[in-house]
*Asks:* 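Quick one: this structure, given as structure tokens, is what I'll be asking you about.
Computed from heavy atoms alone, side chains included, the values below leave out hydrogens, waters and symmetry copies. Predicted model only: the values in this text are computed from it and were never measured.
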Protein chains: 2
Amino acid sequence: MSPSRRLDPQPTLATVAERAGVSRQTVSNALNSPELLREDTLARVQAVIEELGYTPNRAARQLRTRSSHLIGLRFEPAQEGTSNALIDRFVHTLVEATARTGHHIVLFSGDPHDPLDGYDRLLKATAVDAFVITDTYAGTPQADFLRKVGAPFVTFGRPWDDPSARHPWVDVAGSKGAQLATEHLLAAGHQRVAWLGWEKSSRIGEDRRSGWSRALRAAGVDQAGLGVRISDNVDAARMAAHAMLEDGTVTGVACVSDTIAIGVLHALAERNLRPGTDVGVTGFDDSLGAQVAWPGLTSVRQPLEQVAIEVVDLVHAVLSLRAPAEPARMLEPTLVVRRSSLRQD
Amino acid sequence: MSPSRRLDPQPTLATVAERAGVSRQTVSNALNSPELLREDTLARVQAVIEELGYTPNRAARQLRTRSSHLIGLRFEPAQEGTSNALIDRFVHTLVEATARTGHHIVLFSGDPHDPLDGYDRLLKATAVDAFVITDTYAGTPQADFLRKVGAPFVTFGRPWDDPSARHPWVDVAGSKGAQLATEHLLAAGHQRVAWLGWEKSSRIGEDRRSGWSRALRAAGVDQAGLGVRISDNVDAARMAAHAMLEDGTVTGVACVSDTIAIGVLHALAERNLRPGTDVGVTGFDDSLGAQVAWPGLTSVRQPLEQVAIEVVDLVHAVLSLRAPAEPARMLEPTLVVRRSSLRQD
DNA sequence: ACGGTCGCCTGGATCGATCCAATACTAAAG
DNA sequence: CTTTAGTATTGGATCGATCCAGGCGACCGT
């Protein structure tokens, strides 16, 4: 009598079979190998499935086939101010891309001091089929561990430490992005384009820097004193920018991150210099901050949607045990031009 | 001979039982009802579990107990520019909070035009135990649907349309946040504090506006012409701010979102007015944008970490069929003060 | 020493879909 | 009209943990 209490028990495969006048296996085939059934039988079974609103029980299927159709992703605790917004954009598209094949993303967490924590548990419980790993910049202990235990995984991020690693990965050529940004600033007429990057210990930072360096070399610009390394926060960038702009010869600054670029914009505001017109600035990652910063920050945008699609494709390849066409895929970023790098008429 | 090919088959409950010289049920009890076992038996079983590194197979357990220990969350496609960064911060803490009880968050997606899409599928496949719903501002068709089919769920967001709804929810008092911001601006000496809000159709927007209104009323300030409604983007806000600042009587602007507040900051820059000193500005949500905006944007911060904890607590209450102590929980936001609302000495 | 109570432990049945081997059917060939 | 080949369909067994009803032992009082 209480309507929200309990609903009709879910129909099972047996229910459908009985109703359609066939055996369980036939219903199973209708779902998994429809080509095995005669046309009329298939139609009849499908009609009953439709009528009853039947959906296979995931637990039962998972028990039998030993595959959960779940993909694990360790979701790190939010670090205020850092650009995990990037990861979030990636996850969004990852969810969409997996949906198409009936897979789902399961988030888990782990001890922040132990990069391996959490993987083992899910694996032994046969709770997930594969993992997606997003942070490869600090070495790849997870990848090493998963390879050792024979668990399928794909990383977003190349294996920096071990170029010989054979696992499938997708990454974006950061150096190409920095190169695009630098070339763009040079083309806008800025001669001496400086670089504001991360500390030398960052592989990603050094990779991006190499793109800046390459562009300057191609343009025949002397890089002496133009490359500066700082930590990733607005204030450090602001102060570095002040020092850099002191003598007035630097008129372009390519930055390793939007955060740092925004710090440069702050310094410009404090010096009454016009972004774009007096000094061109570019950031990296096209974060929300770049979109709302005044007067709009030109930034390198990673094709995260495409990354997610490639990652999912590789996951499927690995799961189906077929060797992926190309297990290491490098994608190219694009430059989103806003007013921070454009002269006002 | 190929080490990464296949690993030892996972030990099962039967393996453990045999090794410990007890029956399967005894091992199961050791895991689920240890108080039923004699001390020495328990110790012996636990030792074997430890030794073999045994973890119960989730699929089998799920099939038998009909509970997956998974909680579904529909992850909407990234909408450029909107503050789904808020949701991401929420999800982070949600994952942490669920981890403590062995639950996991499963993300799924659905047709953007159909708010119900996806729920049904997971439910019928008995793939999740409960849902967490994050968007209740546009009515609550999901809640209605889930209540109808008897599925457990908790919403982040009050049931705006139907105050009589009895489902468990957690929300943050937006009106209180706007009130705090407005009082803060008044206390800083700004007399006429304007409101830049969303269109009237937004329940959340109107709720926040009511907090501004309440604060002005308490301070005895006439609100005529001070409340303006626009859509949520930087440019609309910039233009509205210009109009608003024209006559020079408005010296404080409380905004319904960081995006809009940033638009106001842009307008100030264009009019050569100093944020905080000439015109006080506050935003809402303490997004990354607020943190990096020049010269720092005072913003209302929602206690998302606490929200996540309360949501998980309610989920557990609902799943264990015990009535939650308080099924409707309203939390209070805080104000993060930065320089956009402070006079420079 | 014996029946009774209580608590620990056992083996069989079960959840629902899939695997597997075997059977019923159909159509073509002899 | 029977045999053969091949396909469509069936029923039993299975994945691994939990539910359930019953058994066995220890310990008590008399």
Side-chain angles (χ1 to χ4, degrees), chain A residues 6 8-46 48-49 52-70 102 121-127 129, chain B residues 8-46 48-49 52-70 102 121-129:
Chain A
R6 207 70 205 87
D8 305 332
Q10 296 297 335
T12 73
L13 190 137
T15 319
V16 175
E18 191 182 3
R19 186 95 157 216
V22 298
S23 76
R24 304 189 316 274
Q25 178 65 28
T26 303
V27 179
S28 178
N29 283 339
L31 292 166
N32 303 312
S33 315
E35 74 280 4
L36 290 180
L37 295 198
R38 212 166 42 202
E39 213 171 294
D40 57 337
T41 313
L42 178 60
R44 188 156 39 102
V45 173
Q46 285 178 332
V48 175
I49 288 177
L52 295 179
Y54 166 75
T55 308
N57 181 307
R58 281 184 103 93
R61 171 176 283 182
Q62 178 176 348
L63 176 59
R64 189 68 245 232
T65 63
R66 311 181 148 281
S67 96
S68 61
H69 282 223
L70 294 178
R121 245 189 326 271
L122 282 177
L123 210 50
K124 283 208 293 216
T126 61
D129 293 347
Chain B
D8 306 332
Q10 296 298 334
T12 73
L13 189 138
T15 319
V16 176
E18 191 182 5
R19 187 96 155 218
V22 297
S23 77
R24 303 190 316 274
Q25 179 65 32
T26 303
V27 178
S28 178
N29 284 338
L31 292 166
N32 302 312
S33 315
E35 74 280 3
L36 290 180
L37 295 197
R38 212 166 40 203
E39 214 171 291
D40 57 337
T41 313
L42 178 59
R44 187 157 40 101
V45 173
Q46 286 177 331
V48 175
I49 288 177
L52 296 179
Y54 166 73
T55 307
N57 181 306
R58 281 184 101 93
R61 171 175 281 182
Q62 178 177 348
L63 176 59
R64 190 65 245 229
T65 64
R66 312 181 149 280
S67 97
S68 62
H69 282 224
L70 295 178
R121 245 191 324 271
L122 282 177
L123 208 52
K124 284 207 292 212
T126 61
V128 301
D129 294 347

*Asks:* Between C1' on dC19(C) and CG on Leu36(A), what's the gap in Å once rounded to a whole number?
*Replies:*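 It is 13 Å, rounded to the nearest whole Å.
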*Asks:* Using only side-chain N and O atoms of Ser23(B), determine if any of them is under 4.0 Å from OP1 or OP2 of dT10(C).
*Replies:*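 For dT10(C), OP1 or OP2 has a side-chain N or O of Ser23(B) closer than 4.0 Å.
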*Asks:* Ignoring hydrogens and geometry, is there a side-chain-to-backbone donor-acceptor pair from Gln62(A) to Thr126(A) under 3.5 Å?
*Replies:*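 The answer is yes, because a donor-acceptor pair under 3.5 Å joins these two groups.
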*Asks:* Whole Å only: how far is the CD1 atom of Ile49(A) from the P atom of dG16(C)?
*Replies:*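 Answer to the nearest Å: 16 Å.
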*Asks:* Looking only at atom types and distance, does a side-chain atom of Asp129(B) sit under 3.5 Å from a main-chain N or O of Ser67(B), one as donor and one as acceptor?
*Replies:*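 No.
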*Asks:* With a 4.0 Å cut-off on heavy atoms, is Leu31(B) in touch with a base, just the backbone sugar-phosphate, or nothing at all?
*Replies:*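 The residue Leu31(B) makes no contact with any strand.
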*Asks:* Give a yes/no answer on whether the side chain of Thr41(A) brings an N or O atom under 4.0 Å of OP1 or OP2 in dA8(D).
*Replies:*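 Result: no.
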*Asks:* I need the CZ-P distance between Arg66(A) and dA17(C), as an integer number of Å.
*Replies:*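 The distance from CZ of Arg66(A) to P of dA17(C) comes to 18 Å, rounded to the nearest Å.
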*Asks:* Please check the phosphate of dA17(D) (OP1 and OP2 only) for any side-chain N or O of Ser28(B) closer than 4.0 Å.
*Replies:*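 So the side-chain polar atoms of Ser28(B) never come under 4.0 Å of the phosphate oxygens OP1 or OP2 of dA17(D).
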*Asks:* Between dG12(D) and Arg24(A), counting only base atoms on the nucleotide and side-chain atoms on the residue, is there a donor-acceptor pair under 3.5 Å?
*Replies:*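 Yes, the side chain and the base share a sub-3.5 Å donor-acceptor pair.
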*Asks:* Over how many whole Å does the gap from Arg61(B) atom CZ to dA17(D) atom C1' extend?
*Replies:*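 After rounding, the gap between these two atoms is 8 Å.
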*Asks:* Within this structure, what is the CG-to-C1' distance between Leu42(A) and dT9(D), rounded to whole angstrom?
*Replies:*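 Answer to the nearest Å: 14 Å.
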*Asks:* Does Ala20(B) offer a backbone N or O that forms a donor-acceptor pair with the side chain of Arg44(B) under 3.5 Å?
*Replies:*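 Yes, because the side chain of Arg44(B) sits within donor-acceptor range (under 3.5 Å) of the backbone of Ala20(B).
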*Asks:* Which pair of heavy atoms, one from Tyr54(B) and one from Leu31(B), lies closest together, and at what distance?
*Replies:*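 That closest heavy-atom pairing would be CE2-CD1, 3.7 Å.
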*Asks:* For the pair made of CG in Asn29(A) and C1' in dA8(D), what is the distance, rounded to whole Å?
*Replies:*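 Distance check: Asn29(A) CG to dA8(D) C1' gives 9 Å.
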*Asks:* Is it the case that the side chain of Thr65(B) and the backbone of Arg61(B) share a donor-acceptor pair, with hydrogens and angles ignored and the cut-off at 3.5 Å?
*Replies:*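 Looks like yes, one N/O pair under 3.5 Å.
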*Asks:* Base, sugar-phosphate alone, or nothing: which one does Val27(A) contact when heavy atoms must sit under 4.0 Å apart?
*Replies:*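 Nothing: the residue Val27(A), judged by heavy atoms under 4.0 Å, touches no strand.
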*Asks:* Is a donor-acceptor pair below 3.5 Å formed from side chain Arg64(B) to base dT14(C), judging by atom type as modelled?
*Replies:*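 Looking at the base of dT14(C), it does pair with a donor or acceptor on the side chain of Arg64(B) (distance under 3.5 Å).
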*Asks:* Measure the distance from CG on Asp40(A) to C1' on dT7(D) and round it to the nearest whole Å.
*Replies:*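 Rounding to the nearest Å, CG of Asp40(A) and C1' of dT7(D) are 14 Å apart.
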*Asks:* Let me know the distance between CZ of Arg38(A) and P of dA24(C), rounded to the nearest Å.
*Replies:*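 Rounding to the nearest Å, CZ of Arg38(A) and P of dA24(C) are 16 Å apart.
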*Asks:* Do Gln62(A) and dC15(D) share a donor-acceptor pair, side chain to base, under 3.5 Å?
*Replies:*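 Answer no: no donor N or O sits under 3.5 Å from an acceptor.
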*Asks:* Which nucleotide wins on minimum distance to the side chain of Leu37(B), given the candidates dG11(D), dC9(C), dA17(D)?
*Replies:*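 My answer, after comparing the listed nucleotides, is dC9(C).
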